[in-house]
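Inspection log for the structure reproduced underneath, given as structure tokens.
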Protein chains: 2
Amino acid sequence: MAKVQNREEICPVTAVQRLIAGKWKIVILWHLSHKTRRFNELQKLLPEVSRGVLTQQLRDLERDGLVHREVYKEVPPKVEYSLTEIGQSFIPVLDVIAKWGKYYINNTRLSPGPDLARTGSAD
Amino acid sequence: MAKVQNREEICPVTAVQRLIAGKWKIVILWHLSHKTRRFNELQKLLPEVSRGVLTQQLRDLERDGLVHREVYKEVPPKVEYSLTEIGQSFIPVLDVIAKWGKYYINNTRLSPGPDLARTGSAD
DNA sequence: CAGGATCCCGTCGGATACTG
DNA sequence: CAGTATCCGACGGGATCCTG
């Protein structure tokens, strides 16, 4: 029995934690789950995220195979981000997370602390 | 429009991201979802995490209402960690995450730790 | 418009030493 | 056994400037 790398030894939970480690990863995926977005659109959807960071996180997601980056060779430039197939398979997870998030918010005396982003995901 | 509580304006997804922001949060919750654990047990389950960090993340989870910390005034000391009610409501999320994590691992040439070149071998 | 490249800085995580 | 306290290095993320 060839022990195919440690692939089967990897903790799935840890793997996911690594994927969504970035501060804005989940929210980005959340937005992309609704529809394909241009870079500019994402910026407007996430005003708190600077360009550089947004780019970086998108690159991470792309590298991890969750996001597809489509570059249109035009002037002015146009780049569209969308979910890959695997990325789309993550949507149910996002749904569960969002759903539980609402539940959590409604059942906790939360301390917003640093302001939480409003990303228009309320229902 | 008295925005008394920004509770409804908070992005649930972002809220969750904050909760599980710590590097080991999800894994800790995962372990606690199986059964109540003593601090020592958690340490053995997570050899890579140092005591201080483990303590900190547990404290975060406790502060966020997901984990209950039961201290037995004995000698030697004994502390048990378990999921609160809200913490338990998070288990389905963990399940979905774990399930998707497996799917992701099996459908990606990734390298969560060691190396495993993902160049070439186009699909 | 969509970044790439830098710099800066706060935070997080890891290690160590000490305590009840 | 289960922490606490502390220091430090690494990384992440924000801002700014520059490019195709």
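In this text the structure is predicted, and so the values were computed from the model without any measurement. In what follows, chains are A, B, ... by sequence order, proteins preceding strands, each numbered from 1.
Look at B:R38 and you'll find a side-chain N or O under 4.0 angstrom from OP1 or OP2 of D:dA2. Listed pair B:R59 / D:dT4 meets the phosphate criterion, a side-chain N or O lying under 4.0 Å from OP1 or OP2.
Here the P atom of nucleotide D:dG12 and the CD atom of A:Q57 are 10 Å apart, to the nearest Å. Residue B:L54 contributes atom CG, which lies 17 Å from atom C1' of C:dT16 at whole-angstrom precision. Rounded to whole Å, the distance from CD on B:Q56 to C1' on C:dG14 is 13 Å. Taking atom CD1 on A:I20 and atom P on D:dG12, their separation rounds to 15 Å, with Å as the unit. The CZ-P distance, from B:F39 to D:dG3, rounds to 5 Å in whole Å. Whole-Å rounding puts the A:E48 CD to D:dG14 P distance at 9 Å. Straight-line distance from the CG atom of A:L61 to the C1' atom of D:dG12: 15 Å, rounded to whole Å. Summarising the geometry, the separation between CZ on B:R69 and C1' on D:dT4 is reported as 11 Å, rounded to the nearest angstrom.
Taking only side-chain atoms of A:V53, from C-beta outward, the nucleotide of D:dG14, D:dG3, C:dG3 with the closest atom is D:dG14. The side chain of B:K23 approaches C:dG13 more closely than any other nucleotide in the set D:dG3, C:dG3, C:dG13. The nucleotide whose nearest atom lies closest to any side-chain atom of B:W24 is, among D:dG14, C:dG14, D:dC1, C:dG14. Taking the side chain of B:S50 as heavy atoms from C-beta on, and the options D:dG3, C:dC1, C:dA15, the nearest nucleotide is C:dA15. Closest to the side chain of B:V79, out of C:dG3, C:dC1, D:dG3, is D:dG3. Closest approach to the A:T55 side chain among C:dC1, C:dG4, D:dG14 is made by C:dG4 (side chain taken as heavy atoms from C-beta onward).
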Next on the checklist: Evaluate A:L61 against A:K25 for side chain to side chain contact (heavy atoms under 4.5 Å, CB included), listing each step before the verdict.
Outcome noted: CA-CA 7 Å; A:L61 292 171; A:K25 299 276 183 71; 3.6 Å; yes

Checklist entry - Would A:V79 and A:R69 count as a side chain to side chain contact (heavy atoms under 4.5 Å, CB included) if you check the C-alpha gap in whole Å, the side-chain angles of each, and the deciding distance to 0.1 Å? => result CA-CA 7 Å; A:V79 178; A:R69 180 165 172 265; 3.8 Å; yes

Next on the checklist: I'd like to know whether B:V96 forms a side chain to side chain contact (heavy atoms under 4.5 Å, CB included) with A:I97, so could you lay out the CA-CA distance, the side-chain angles of the two residues, the decisive distance to 0.1 Å, and finally the verdict.
Outcome noted: CA-CA 9 Å; B:V96 174; A:I97 288 177; over 6 Å; no

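The closest side-chain heavy-atom distance from A:W100 to B:L19 is below 4.5 Å.
With hydrogens and angles disregarded, a donor-acceptor distance shorter than 3.5 Å links the side chain of B:T84 to the backbone of B:G65.
Nucleic acid contact for A:Y81: sugar-phosphate only, since backbone atoms but no base atoms lie under 4.0 Å from a heavy atom of the residue.
Where A:P77 and A:V49 meet DNA chain D, the nucleotide closest to each residue was compared, and A:V49 sits on the side nearer the 5' end.
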